[in-house]
Number of protein chains: 2
Amino acid sequence: MMFAKPVSTFDSPALHRLSRIAPLGDAARDLIALAVREPRRVPMRRELLIEGRAVPEPMLLVSGWAARVRILADGRRQFLSFLLPGDLIGLCRHDRPLAVSTVQTLTDAKVATVPDVDLPELRQAYAASNALEEAYLLAQITRLGRLNALDRICDLMLEIHERLALADLVQGDSFEVPLTQEMLADALGLTPVHINRMLQQARRDGDLEWRGSLVTLLDPAALSHRLGRTPARVTA
Amino acid sequence: MMFAKPVSTFDSPALHRLSRIAPLGDAARDLIALAVREPRRVPMRRELLIEGRAVPEPMLLVSGWAARVRILADGRRQFLSFLLPGDLIGLCRHDRPLAVSTVQTLTDAKVATVPDVDLPELRQAYAASNALEEAYLLAQITRLGRLNALDRICDLMLEIHERLALADLVQGDSFEVPLTQEMLADALGLTPVHINRMLQQARRDGDLEWRGSLVTLLDPAALSHRLGRTPARVTA
DNA sequence: CGGGGAATTGAGGCTTCTCAAGCTTAGTGG
DNA sequence: CCACTAAGCTTGAGAAGCCTCAATTCCCCG
């Protein structure tokens, strides 16, 4: 069941992220690598968790994007956060937990069931991942509360850049963002029309390019500095 | 050290909340009650946690209000969430954790150091408290992203009503809210001026009264229904 | 009685929304 | 290979919501 070399060196964005946010020994690494090898395929727009329903076993997003989403009574939609490869879904430390938000895939995705916490190293990785997720929620609150439309877009792109980099999914300063302008609007509390105009603005300003689904940040360091951003850190 | 009766029946809003969100046996109850008995007094506007610094031992807010806050480079302020009596501060399950946000007292407060998780019942209560806190963060994102100014105010007041009720701090539908309009603005992503106007609107609409620091919801059920709110639930 | 923080009011401007139409692109079936 | 379609992107014009600045009033506390 354990392939000393092959499994340990098996590489995937998800595994990459986890081993980067917390040091994983060989045992933990093998457990994750094994789980990642046989993911479940989930098509686009499918629900992985449903608000108010029981949370099943914890999952690891192996590839593709998902989002935590809330739908209002009148049909308005708010994306609460995006879930990227390597993110954990449905981790709970209490008994009989209920999902506090619906999670749905935004693209075709691969999802693995991960071992529940038994190994100290895994516990550590899960906890760090959890803390990071909280940090991103706080960043989202600040974006929505205090940034204007243009800065919201730029700030979110910087966050995605930072997160995808953890999973080794950034080349140069380019990365895939499978979001429509409408989805972006629902994440940033704006309308698609305004997103469109501000994206043009961002391009004119030389902050980013967006061709097809490939986003390129032209000078992430400068942009980061202009927005007063600091990368998320949860461990000393 | 253990006073069988006195300690077990010692009552405080904080203890009330914890025993309500997760069933506490006598042992857990005594541990908390004991901690709550000798709280540390913290004056208004003091920092309990500082973003980026190491997180000290976990604390329980025994009385008073605090808030998680983020200050932008240009001085703008965003309150990320409010912490009410019975809320836990600085719970982390990974090693050498760094605070992801600053926490500061909004009023004079009492804070107790709580036992780190060793008892299953405590672990359960802490985890449930944590899950609730996450639920409130998600609610805050939805408020900022998709509600207009008036609805943001009403929705937040309903949330505070719900949370204070857990700690037995609501009488009828009235409760103390030690917030200035400026603080409310910084929580809801608005300006004090606009908060002022919308509060008047809410009063005219017969949704709430706000005299001194006492808020009264005139018909919480109807308001809740109008906003499409559902109370936070994290455990089946 | 005076000082100071908080609440209130007014006027004008900017950001974002709404509604509505036209365009572009990728995928589909003839 | 070419309509045809549907989803997504783009543009325009006008309206609404919220902000800014500035002044005034209220109220608590010393």
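The chains referred to below are lettered A, B, ... by the order of the sequence lines, with proteins before strands, and numbering in each begins at 1.
- At the heavy-atom level, B:Leu199 lies nowhere under 4.0 Å from the strands shown.
- Side-chain polar atoms of B:Gln201 and B:Arg204 form a donor-acceptor pair below 3.5 angstrom.
- Residue B:Arg203 is in sugar-phosphate contact alone, with no base atom involved, counting any heavy-atom pair closer than 4.0 Å across all strands shown.
- For A:Gln200 and D:dC9, the shortest distance from a side-chain N or O to OP1 or OP2 is not below 4.0 Å.
- We find that CZ of A:Arg76 is positioned 12 Å from P of C:dC17, with the value rounded to whole Å.
- Between the P atom of D:dA16 and the CD atom of B:Gln201 lies a distance of 15 Å, rounded to the nearest Å.
- One interatomic measurement links the two molecules: CD of A:Glu182 to P of C:dT18, which rounds to 13 Å at whole-angstrom precision.
- Checking C:dC17, D:dG8, C:dT9 against the side-chain heavy atoms of A:His194 singles out C:dC17 as nearest.
- We find that CE of A:Met198 is positioned 12 Å from C1' of C:dC17, with the value rounded to whole Å.
- Taking atom CG of A:Asp186 as the reference point, atom C1' of C:dC17 lies 14 Å away to the nearest angstrom.
- Regarding B:Arg146, its CZ atom lies at a distance of 13 Å from the P atom of C:dT16, rounded to whole Å.
- Tested against A:Asp186, the residues A:Gln78, A:Arg70, A:Arg76, A:Arg77 include a single side-chain hydrogen bond (donor to acceptor under 3.5 Å, both in side chains) partner, A:Arg77.
- At a cut-off of 3.5 Å, with distance as the only test, a side-chain donor of B:Arg143 or B:Gln140 sits close to an acceptor on the other residue.
- Note on A:Gly189: only backbone sugar-phosphate atoms sit closer than 4.0 angstrom, heavy atoms only; bases stay farther off.
- Here the P atom of nucleotide C:dC23 and the CG atom of A:Asn196 are 15 Å apart, to the nearest Å.
- Side-chain proximity of B:Val193 to the nucleotides D:dT10, C:dA7, D:dA22 is greatest for D:dA22.
- One N or O donor and one acceptor, one from the side chain of B:Arg197 and one from the base of C:dG10, sit under 3.5 Å apart.
- A donor-acceptor pair shorter than 3.5 Å cannot be found between the side chains of A:Asn130 and A:Glu134.
- To the nearest 0.5 angstrom, A:Asp151 atom CG is 5.5 Å from A:Arg226 atom CZ.
- In the set C:dT16, C:dA7, D:dC18, the nucleotide with an atom closest to the side chain of B:Gln181 is C:dA7.
- Distances from the side chain of B:Thr180 to the nucleotides C:dA6, C:dT9, C:dT16 place C:dA6 closest.
- Distance, B:Ile153 CD1 to D:dC18 P: 10 Å, rounded to whole Å.
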